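The structure appears below as structure tokens.
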Amino acid sequence: QVQLVESGGGLVQAGGSLRLSCAASGRTFSTYGMAWFRQAPGKEREFVATISGGGELALYEDSVRGRFTISRDNAKNTVDLQMNSPKPEDTAVYYCAGVRYLSRWWRADEYDYWGQGTQVTVSS
């Protein structure tokens, strides 16, 4: 069982920066693929970024590639999302998610564990 707790959300101006963090419980964190998803009001939850267990592979949704960076520290059981140059359309609740074996990494229903979410609001 893995428990995930996000932090770092808040209000940020467009063009600024914000760093989200997700703390995970459990002794086998390095064996889990981790991801960030987001959900805006009235929209479905959508994939943002994912990272493999060892951190060697990171994949991004097209609209955030080059602006956001996902990283993990397996010694600390954390996975972060560095958001640079955010835009108003990035406003959403951001969720950390984990799965034992990454497969269809872009699909929310592939992930077994979820955090409670953290609100990110980008002002123009």
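Just so you know, these numbers come straight off a predicted model, no measurement behind them.
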Self-check item: Check ion pair D80-R19 (N to O, under 4.0 angstrom)
Solution: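 Answer for the salt bridge query: yes.
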
Quiz item: Is it true that K87 and D90 have a side-chain N and a carboxylate O under 4.0 angstrom from each other?
Solution: no

Quiz item: Between the main-chain N or O of S103 and the side-chain N or O of R107, is there a donor-acceptor pair closer than 3.5 Å?
Solution: no

Spell out, yes or no, whether [X] and [Y] are grouped together once hydrophobic residues are joined by side-chain heavy atoms under 4.5 Å, including indirect joins.
X   : Y   : result
V12 : L20 : yes
V5  : L81 : no
Y32 : V99 : no

Do [X] and [Y] touch side chain to side chain, with heavy atoms closer than 4.5 Å?
X   : Y   : result
E61 : F68 : no
F37 : T50 : no
Q82 : S71 : no
Y60 : I70 : yes
T91 : R38 : no
W36 : M83 : no

Once rounded to the nearest 0.5 Å, what's the spacing between atom [atom1] of [X] and atom [atom2] of [Y]?
X    : Y    : atom1 : atom2 : value
Y95  : Y111 : OH    : OH    : 16.0 Å
Y113 : S25  : OH    : OG    : 9.0 Å
E56  : I51  : CD    : CD1   : 8.0 Å
S52  : M34  : OG    : CE    : 12.0 Å
Q116 : T118 : CD    : OG1   : 7.0 Å
C22  : E6   : SG    : CD    : 5.5 Å

Quiz item: Any chance CD of Q13 has more than 12 other-residue heavy atoms, nucleotides or ligands included, within less than 6.0 Å?
Solution: no

Which pair of heavy atoms, one from [X] and one from [Y], lies closest together, and at what distance?
X    : Y    : answer
G9   : V120 : CA-CG2, 4.2 Å
V79  : C96  : CG1-SG, 3.8 Å
W114 : A108 : CZ2-O, 3.3 Å
N74  : G53  : ND2-O, 2.9 Å
Y94  : V48  : CE2-CG2, 4.2 Å
A40  : A92  : N-CB, 3.8 Å

